[in-house]
Participant: 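Below: one structure in structure tokens.
Hydrogens, waters and symmetry mates play no part in the numbers below; they use all other heavy atoms, side chains included. Residue numbering restarts at 1 for every chain, and letters A, B, ... go by the order of the sequence lines.
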Amino acid sequence: MEQQEQPGQPGQPGRPGLQGQGEWRRSAWCGELRASDAGREVVLNGWVAHRRDHGGLIFIDLRDRSGLVQVVFNPQTDPEAFRTAETLRLEYVVSVAGQVRHRSPGMENPKLPTGEIEVAGHTLTVLSTSKTPPFVLDRAPSVDENLRLRYRYLDLRRPEMQRNLVLRHRLAQKTREFLNARGFLEIETPMLTRSTPEGARDFLVPSRLSPGTFYALPQSPQLFKQLLMVSGFERYYQIARCFRDEDLRADRQPEFTQIDIEMSFVEREDVMQLGEELIATLLGEVNVRVELPLRRITYGEAMLRYGSDKPDLRFGLEIQDVSQLFATSGFQVFARAVASGGVVRALVLPGGSDLSRRELDQLVELAPRWGARGLVWMLAEAEELRSPIAKYLGAGEEAALRKQLSVQPGDLICLMAGPEKETAIAMGRLRLFLAEKKNLIPPGRWELVWVVDFPLLEWNEEERRLEAVHHPFTSPRQEDVDLLATEPLRVRANAYDLVLNGVELGGGSIRNHRREVQERVFEALGISPEEARAKFGFLLEALEYGAPPHGGIAFGFDRLVMLLAGEETIRDVIAFPKTQSGADPLTGAPAAVSAAQLGELHIIPEVPVA
RNA sequence: GGAGCCGUGGUGUAGCGGUUUAACACACCUGCCUGUCACGCAGGAGAUCGCGGGUUCGAUUCCCGUCGGCUCCGCCA
């Protein structure tokens, strides 16, 4: 790979390139030729993207990873090359030797960066032919995604996909550059590790050497990076592959990548500062400028005002609490909700009275799907509030509501009542729904926010126990430690999430580096010392051998690339992603294996195998 | 585990409140064309309408099931 030119380094002298027939080695990149290259003799390598055969003149758009350039073949000047050009088809791989020249006036193509010039092809070598592609590469975005994945190597030839993966590469390199400059060490951790309880479902790998036992693929390098802190590496990072066997979504794949960071002798502020500087640097790669420090919002405030722990701050539509106002209301549904410890929440859609009756009914219909008990709407007119529940409200109540919510005539008010958390979440979903429906999200906005002061623990109704909101190694805030035994749900975590445009980009925490605090957390979680030892014994033990205070953060790399690439699914920024059912149409994974293979692994199949 | 949407030549779609030669565009093949750039013109080939079952004289069309894809809920420490 010695003397070939690299994209991004125009002007490098390539090999001479034209010495004798059969010389096909590249001396220039298609997409980088400009008017200033006119007169140059070049050798191009690439794929036939388009061909326009005029009978007496053939145009080829030649594509390599740098872009497109037009090549012309003229039978008068280069009869042999012309005859070969007649045989070209889409996606043939060719080498062209020719001369760069200005196009005649009026013949320039302003749509192409290379549109001022073209290459007069003198010598043409077909390096590889191609079957007719199963889809037209130009139109791939509208092609069935299953087909794109089955022929992913063709899909990836498209400039959009190349651009995405180039961006991904640049962001990864920028991340390394940023962290290297700050004294971080890139250290790999095992992919074959031990299954630990809590968290997502593990992918398991059977052990051949120890019948009946299994490795697990890591859900994250969490425990290892903490051990590396105990080891004294002080600053670690890894662009780490993680595995979680849960159902897929547009932004969730069973294997994904995170930027994983851990630091010793730091407090919350240190990690947050580093984290936001990193993200600001990466956003800078796509020319998005971010003002630091980033704003912060507490978990409680986020849930109240936005109904989400990952609030989208690109638009307003804030939720307001009107519980007090309805505590003594004539509308019994709301009054009872408040009396039983619940809340009433309101959201004002300015000018929302233009919604049709049908659209209002749709809101009411959707509310239960968002987890609400119901939804009440009110249309603000000049004098009164028009609403199905208007007759239950006193005039004073109406006035108070209008005043507290600063309602203007023509506004729509939406109300929900019920237990605090589910009402908040339902209002949050309503908020997003209305924002999308009314196009309230301005394009080109980048709203980053830290969410802090998460509760350390939450109640899992299904399992009838407390569980960690982040993970069991997150430390409680110092001032809340004593609440662990008495009011565990009020304990705030030393944790922080970074949210971009309503997408959770990453999160982290300061860990428990003292065994006794860790044990108190386990106690609150209802994990006995024996159980803790059995499951996390190696970490607890490590904490007894001089563990420094430490903490870290991890960012979802795929999601970050997706947002910066302007894509709507992380599949478009992953070279070989899986479908929603976890399959790879290209390789056919997952697939059956032979009985012999299973036998070696001491596995008895429940279903017949090949 | 659940809900919704989709499945018609290679690709993207149309069609059908039951009987048609299943239409259009792109791609493909042949011919013509020296300035196109999603080239153009003329002609051609190409579809058991995802699969299975049901209703019917007759199903691509209606019904049920199933498979696959996508979106979402649950799930994702």
Side-chain angles (χ1 to χ4, degrees), chain A residues 49-62 68-77 82 89-91 103-112 114-115 118 120 130-151 154 195-202 218-220 222-223 242-254 256 366 368-371 425-426 429 432-433 454 456-458 460 462-463 466-474 493 495 504 507 509 521 525 527 535-536 554 556 568-569 571 578-583 585:
Chain A
H50 298 105
R51 114 193 116 98
R52 293 177 292 279
D53 183 346
H54 287 229
L57 201 60
I58 296 175
F59 298 96
I60 296 295
D61 287 339
L62 193 64
L68 283 184
V69 71
Q70 171 166 288
V71 182
V72 195
F73 295 98
N74 188 319
Q76 245 86 69
T77 58
F82 182 85
R89 295 295 180 268
L90 290 180
E91 300 308 322
R103 296 195 188 185
S104 334
M107 294 301 140
E108 301 91 348
N109 184 349
K111 284 185 278 185
L112 287 179
T114 58
E118 64 189 5
S130 170
K131 289 167 71 172
T132 301
F135 53 87
V136 184
L137 264 54
D138 282 355
R139 297 177 192 182
S142 60
V143 171
D144 178 59
E145 199 173 344
N146 210 23
L147 192 71
R148 287 175 54 200
L149 292 181
R150 179 149 161 243
Y151 296 94
L154 298 180
S195 176
T196 49
E198 312 252 337
R201 195 174 295 114
D202 284 318
Q219 294 182 25
S220 84
Q222 182 62 37
L223 296 171
C242 305
F243 304 86
R244 296 179 190 176
D245 188 8
E246 298 290 350
D247 286 353
L248 289 79
R249 289 283 191 284
D251 62 352
R252 273 163 38 187
Q253 285 272 305
F256 62 98
L366 284 169
R369 259 201 266 165
W370 295 326
I425 291 172
R429 289 179 176 166
L432 292 177
F433 178 84
F454 279 83
L456 183 72
L457 308 166
E458 68 185 346
N460 183 325
E462 232 167 81
E463 299 184 23
L466 288 172
E467 60 184 19
V469 170
H470 278 86
H471 54 66
F473 316 108
T474 299
E504 185 192 331
S509 65
V521 173
L525 283 168
I527 299 176
K535 291 169 174 171
F536 309 108
E568 295 193 343
T569 160
R571 293 189 299 276
K578 304 206 169 26
T579 68
Q580 195 162 42
S581 58

Participant: Any side-chain heavy atom of A/Asp245 sitting closer than 4.5 Å to one from A/Asp202?
Facilitator: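 Contact flag for A/Asp245/A/Asp202 side chains = no.
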
Participant: Excluding sequence neighbours, so at least two apart, what forms salt bridge (Lys or Arg N to Asp or Glu O under 4.0 Å) with A/Arg249?
Facilitator: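 Here no residue qualifies.
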
Participant: Rounded to whole angstrom units, what separation is found between the CG atom of A/Asp61 and the C1' atom of B/A38?
Facilitator: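 Atom-to-atom, A/Asp61 to B/A38, this comes out as 10 Å.
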
Participant: Tell which nucleotide pairs with B/C62, taking only Watson-Crick or G-U wobble pairs whose two distances are both under 3.5 angstrom.
Facilitator: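 Here B/C62 is engaged in a pair, and the nucleotide opposite it is B/G54.
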
Participant: Going by number, which of residues 51-60 of chain A have a non-hydrogen atom under 4.0 Å from RNA chain B?
Facilitator: A/Arg51, A/Arg52, A/Asp53, A/His54, A/Gly55, A/Gly56, A/Leu57, A/Phe59

Participant: Between B/A38 and B/C75, how far apart are the two P atoms, rounded to whole Å?
Facilitator: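 That atom pair is separated by 50 Å.
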
Participant: Does A/Arg252 have more than 12 heavy atoms from other residues, nucleotides or ligands lying within 6.0 Å of its CZ?
Facilitator: yes

Participant: Just jot down the ring-ring contact (aromatic ring centres under 6.0 Å, His included) partners of A/Phe73, sequence neighbours excluded, or say none.
Facilitator: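 ring-ring contact (aromatic ring centres under 6.0 Å, His included) list for A/Phe73, sorted by chain: empty.
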
Participant: Are A/Asn109 and A/Arg103 side-chain neighbours, meaning at least one heavy-atom pair lies under 4.5 Å?
Facilitator: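 When only atoms from C-beta onward are counted, A/Arg103 and A/Asn109 do touch, with a gap below 4.5 Å.
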
Participant: Do A/Glu118 and B/G35 share a donor-acceptor pair, side chain to base, under 3.5 Å?
Facilitator: yes

Participant: Taking side-chain contact (heavy atoms from CB on, under 4.5 Å) as the definition, give me every residue that meets it alongside A/Val469, ordered by chain and number, with sequence neighbours left out.
Facilitator: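 Once residues adjacent in sequence are excluded, the partners of A/Val469 under the side-chain contact (heavy atoms from CB on, under 4.5 Å) criterion are A/Phe454, A/Pro455, A/Glu458.
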
Participant: Just to be sure I understand the rule, does A/Glu108 reach a base, reach only the sugar-phosphate, or reach nothing, if contact means heavy atoms closer than 4.0 Å?
Facilitator: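 Touches a base.
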
Participant: Using the P atom as the point on both nucleotides, what is the distance between B/C26 and B/C39, in whole Å?
Facilitator: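 Each nucleotide's P atom is 11 Å from the other's.
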
Participant: Report all interatomic pairs (protein N or O, nucleotide N or O of nucleotides 46-52 of chain B) with separations under 3.5 Å.
Facilitator:
none

Participant: Under a 3.5 Å cut-off for both distances, is B/G68 Watson-Crick or wobble paired, and to whom?
Facilitator: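 When the pairing criteria are applied, B/C6 turns out to be the nucleotide that pairs with B/G68.
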
Participant: Go ahead and name the base partner of B/G40; Watson-Crick or wobble counts if both distances stay under 3.5 Å, otherwise write none.
Facilitator: B/C32

Participant: Need one value for A/Gln222: base, sugar-phosphate or nothing, where a base atom within 4.0 Å counts as base even if backbone is also close, heavy atoms only.
Facilitator: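 Base contact - A/Gln222 has a heavy atom under 4.0 Å of at least one base atom.
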
Participant: Closest nucleotide of RNA chain B for A/Val143 versus for A/Glu467: which of these residues is on the 5' side?
Facilitator: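 It is A/Val143 whose nearest nucleotide is closer to the 5' end.
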
Participant: Taking atom C1' of B/U36 as reference, at what distance in whole Å does atom CG of A/Leu68 sit?
Facilitator: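 In whole Å, B/U36 C1' lies 14 Å from A/Leu68 CG.
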
Participant: Who pairs with A/Ser104 by side-chain contact (heavy atoms from CB on, under 4.5 Å), at least two apart in sequence or on another chain?
Facilitator: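 A/Ser104 satisfies side-chain contact (heavy atoms from CB on, under 4.5 Å) with A/Met107 only.
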
Participant: Does A/Arg103 get its side chain close enough to the base of B/U36, under 3.5 Å, for a donor-acceptor pair?
Facilitator: yes

Participant: Using atom P of each nucleotide, how far apart are B/A59 and B/C49 to the nearest Å?
Facilitator: 12 Å

Participant: When you compare B/U61 with B/U20, how far apart are their C1' atoms, in angstrom units rounded to a whole number?
Facilitator: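 It comes out at 13 Å once rounded to the nearest Å.
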
Participant: Heavy-atom distance under 4.5 Å between the side chains of A/Leu90 and A/Ser130, does that happen here?
Facilitator: no

Participant: Can you tell me, in whole Å, how much space there is between the P of B/U8 and that of B/C62?
Facilitator: 15 Å

Participant: List the steps and the verdict of side chain to side chain contact (heavy atoms under 4.5 Å, CB included) for A/Gln219 and A/Thr196.
Facilitator: CA-CA 9 Å; A/Gln219 294 182 25; A/Thr196 49; 5.6 Å; no

Participant: Name the pairing partner of B/A47, where a pair is Watson-Crick or G-U wobble with both distances under 3.5 Å, or state none.
Facilitator: none

Participant: When the P atoms of B/G7 and B/U13 are compared, how many Å lie between them, rounded to an integer?
Facilitator: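 One P to the other, the span is 8 Å.
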
Participant: Would you say that A/Leu248 contacts A/Gln253 through its side chain, given a criterion of any heavy-atom pair below 4.5 Å between the two side chains?
Facilitator: yes

Participant: Generate the contact string for nucleotides 4-10 of chain B. Rules: B means base contact, S means sugar-phosphate contact only, - means no protein heavy atom under 4.0 Å.
Facilitator: ------S

Participant: Output one letter per nucleotide in nucleotides 66-75 of chain B: B when a protein non-hydrogen atom lies under 4.0 Å from the base, S when only the sugar-phosphate is that close, - when neither is.
Facilitator: --SSBBBBBB

Participant: Could you measure between the two P atoms, the one in B/A42 and the one in B/G65, and give it in whole Å?
Facilitator: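 To the nearest whole Å, 49 Å.
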
Participant: Applying the Watson-Crick and G-U wobble criteria at under 3.5 Å, what pairs with B/C24? Answer none if nothing qualifies.
Facilitator: B/G12

Participant: Are the side chains of A/Leu366 and A/Arg429 in touch, meaning some heavy atoms are under 4.5 Å apart?
Facilitator: no

Participant: What residues, two or more places apart in sequence or in another chain, satisfy salt bridge (Lys or Arg N to Asp or Glu O under 4.0 Å) together with A/Asp61?
Facilitator: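 Here the qualifying residues are A/Arg52.
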
Participant: Find the distance A/Leu366:CG to B/A3:C1' and express it as a whole number of Å.
Facilitator: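 Distance, rounded to whole Å: 12 Å.
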
Participant: For A/Leu154, enumerate each residue passing the side-chain contact (heavy atoms from CB on, under 4.5 Å) test, keeping only those at least two apart in sequence or located in another chain.
Facilitator: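 Once residues adjacent in sequence are excluded, the partners of A/Leu154 under the side-chain contact (heavy atoms from CB on, under 4.5 Å) criterion are A/Pro133, A/Pro134, A/Phe135, A/Leu137, A/Tyr151, A/Arg157.
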
Participant: If the P atom of B/C37 is compared with that of B/A27, how far apart are they to the nearest Å?
Facilitator: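 To the nearest whole Å, 13 Å.
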
Participant: Under the ring-ring contact (aromatic ring centres under 6.0 Å, His included) rule, collect the residues that match up with A/His471, sequence neighbours excluded.
Facilitator: A/Phe473

Participant: Suppose we screen for side-chain contact (heavy atoms from CB on, under 4.5 Å). Which residues come up paired with A/Ser220, at least two apart in sequence or across chains?
Facilitator: A/Gln222, A/Cys242, A/Arg244, A/Gln258

